[in-house]
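Just so it is clear: chains get the letters A, B, ... in the order the sequence lines come, proteins before strands, and each one is counted from 1. When reading the values below, keep in mind they use all heavy atoms of this one structure, side chains included, and skip hydrogens, waters and symmetry mates.
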Amino acid sequence: MADLSGWGRYPRVEGRLLRPRGAAEVRAALAEGPVIARGNGRSYGDSAAQPAGTLDMRGMAHMLDFDGRTGVLTAEAGVMLEDVIATFLPRGWFPAVTPGTKLVTLGGMIAADVHGKNHRRDGSFGRHVDWVEVLGPDGVVRRASCSENSELFGRTLGGMGLTGVILRCAIRLMRVESGWIRQDMRVAPDLDAAMEIFETAESRYAVAWFDCLGQGADLGRSLVMLGDHADVADLPAARRAAPFVTPRRRRKRVPVDAPAIALNRHTLRAFNSLYFRVNARKAGPSLVDWDSYFYPLDAILDWNRIYGRRGFAQYQVVLPLEASRGGLAALLRTIATSGRGSFLAVLKRLGPQESAFSFPMEGYTLALDFPVDPAVLSLLDRLDDITLAHGGRHYLAKDSRLSREALRKADPRAAAFAAHRREAGLAGRFASAQSERLGL
Amino acid sequence: MTQKVTILGARSDIAMACAHAFGQAGHALTLAARDVGTLGDAARDLEIRYGGTVALREFDALAIDDHAAFAADDVLPDVVICAVGLLGDQKADEADSAATRDVLRANFEGPAILLNAYAALMEARGSGTIVGISSVAGDRGRATNYIYGSAKAGFTAFLSGLRNRLARKGVHVVTVKPGFVATRMTQHLDLPGALTAEPAEVGHAVLKAVVKGRDVIYVRAVWRIIMGLIRNIPERVFKKLSI
């Protein structure tokens with residue numbers, strides 16, 4: 001029995017883990033019972049866990065073709081984003097959309113239809129996928145794109161692996177001139193100021209870190225990090241000859257699980273306050289290497305252990321634009337009053353997106369971590385009420401505890417997605433602990 | 001400097017990890033395996049990631065009569081890595097002489113004859129490195145895997161002797177004892193995490209051993225201690241243990 005828990009280590013799931021090396025082995029696993037594909041296990045909850053048969057897709061990780069003219073990479077689903085960057089950044093290409101960790105597989109990025117700090121400008125990852133090949137309930141592999149099996153394509157982007165097993169894909173990379181980001185860090189004293197920066201920003205990337213324990217006038221005080229890929233001309237003369245060479249970051253480990261007592265309202269408040277003050281001093285423009293800018297937490301391997309043995313839940317929702325101001329304030333106030341909350345609370349502005357079941361829609365998305373305990377779980381239920389009241393919805397790649405009823409209320413597409421799954425014979429064949437919990 | 005590296009038994013996860021480590025270091029690769037056409041995706045993957053071209057050669061470790069010709073046809077590599085191996089199923093194989101023979105041949109006879117052929121060519125040239133992927137299972141015979149273990153013991157002794165023979169001829173021999181590795185070969189076994197290496201660790205360890213001219217390496221250092229202890233248990237006691 002393998003540990004199938006997600007990155008948050010909550011809920012704990014154990015089960016059968018298989019490592020197929022090709023379509024035939026995926027097909028054989030499917031013949032034995034329900035399966036779900038798993039990438040690098042970075043979804044937070046139980047999206048990639050099926051006790052009867054979880055498929056570790058990292059055994060199918062070949063890059064199959066690269067067109068140096070168009071930047072289209074054809075690859076098996078288990079290829080790691082980290083390897084894509086290592087291979088193609090030195091040649092002047094970067095992922096058009098990246099989540100906050102590079103330790104994910106392409107298949108996982110497609111299944112969760114991940115977004116980055118540039119969603120408003122560039123959309124989600126799905127917008128940069130030319131096609132996918134999906135092994136369906138009949139064992140047949142179908143290629144799906146905007147023009148071929150387009151419904152399958154639409155449902156597979158953001159479909160959490162529930163439309164079949166993604167085996168291969170073709171993705172478009174983006175031209176860059178260097179491995180550096182021109183960062184402009186702004187200090188926003190409160191939520192209104194932060195939103196104003198997002199609304200007027202002209203940079204490709206924008207993300208805000210904020211102190212979710214700040215109360216009263218400090219509610220929503222944040223550091224907004226704007227960024228653009230630096231051109232060669234933006235680099236200091238000494239770096240222009242080798243614009244893709246960036247300092248190698250040393251990886252650290254978290255050696256043991258932190259005891260539950262280590263994270264309490266006082267330590268968190270002190271940490272957040274300190275982080276805010278230290279970084280506020282760095283406000284203004286600077287050059288930051290791509291790894292530090294996009295993936296600050298990847299340098300600390302196993303950072304999930306700081307939340308202790310019981311694990312943690314990440315809460316990420318998006319609120320529609322018109323309801324964002326009121327909804328965010330209500331969420332933040334409730335969290336601040338509770339005294340719970342996290343080191344990292346992240347706010348991003350998403351652009352419009354039409355999709356079958358993907359997370360993003362136009363508005364603001366808020367993400368925070370909470371160490372799991374009964375009080376936190378009931379706090380999250382209260383946050384759900386606020387989210388629903390403001391027309392928001394949840395990011396399933398982060399979810400570990402949402403109720404079936406709340407999902408149905410938050411996202412009318414869920415019922416349609418579940419109905420399609422039943423009609424197409426997908427239900428019961430491709431299923432995760434999450435899809436069973438949510439009745440998908 | 002780009003060197004030519006031939007990997008024998010290239011389908012295994014350890015062999016592929018070696019291919020990635022040496023490919024990443026900029027070396028030119030030849031992959032040899034049975035049904036080598038099925039390694040086309042793997043070769044293309046290596047080419048995309050690291051540049052250069054990857055050559056594929058059909059090869060059967062058990063076809064010992066062809067080994068000398070196989071080595072002679074290979075544009076003599078700077079490094080040859082033999083990752084040929086067959087774990088077998090000890091319990092079933094005990095009563096199956098054909099299966100026992102295959103395990104002995106795949107782990108000892110085939111690799112030894114093949115590396116002898118490469119050794120002669122490298123000795124004549126006066127340079128080269130030979131890497132044999134052996135096993136900690138060869139350090140002492142145990143009830144649960146002594147068929148495989150005894151063949152690996154033979155291979156380890158062979159590599160030791162070969163190293164001794166070639167030490168003053170400009171040819172270096174590396175013996176690799178990976179310990180537990182999370183591969184396709186061990187997928188069905190329940191291995192302890194702290195003692196189990198990822199294939200990529202083995203690849204990097206092999207590259208480092210070749211570059212630094214190491215003789216015998218255990219991939220995770222803890223295995224040197226474990227096997228040191230296991231080797232030193234008196235036979236009188238050892239025979240009653242189940243480890």
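Here A/D83 contributes atom CG and B/Q24 contributes atom CD; the two are 8.5 Å apart, rounded to the nearest 0.5 Å. Put simply, CG on B/D45 and OG1 on A/T87 are 8.0 Å apart, with the number rounded to the nearest 0.5 Å.
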What's the verdict on salt bridge (Lys or Arg N to Asp or Glu O under 4.0 Å) for A/R168 and B/D41, showing C-alpha distance, side-chain angles and the deciding distance?
CA-CA 12 Å; A/R168 294 178 168 200; B/D41 283 353; 3.3 Å; yes
Chi angles and distances behind the salt bridge (Lys or Arg N to Asp or Glu O under 4.0 Å) call for B/E198, A/R58
CA-CA 12 Å; B/E198 286 300 315; A/R58 291 173 301 182; over 6 Å; no
Between A/V79 and B/R49, does a side-chain contact (heavy atoms from CB on, under 4.5 Å) hold up when you go through it step by step?
CA-CA 11 Å; A/V79 165; B/R49 287 177 196 246; 4.2 Å; yes
Verdict with reasoning, A/H62 to B/R44, per side-chain contact (heavy atoms from CB on, under 4.5 Å):
CA-CA 8 Å; A/H62 292 130; B/R44 187 80 190 101; over 6 Å; no
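Within the 4.5 Å cutoff, side-chain heavy atoms of A/R19 are placed close to those of B/Q187.
Shown here for A/F66 and B/I48, the closest heavy-atom pair between the two residues is N-CD1, 4.0 Å.
With a 4.5 angstrom heavy-atom cutoff, B/D190 does not touch chain A via any of its atoms.
Heavy-atom neighbours of A/R309 CZ from other residues, nucleotides or ligands within 6.0 Å: at or below the threshold of 12.
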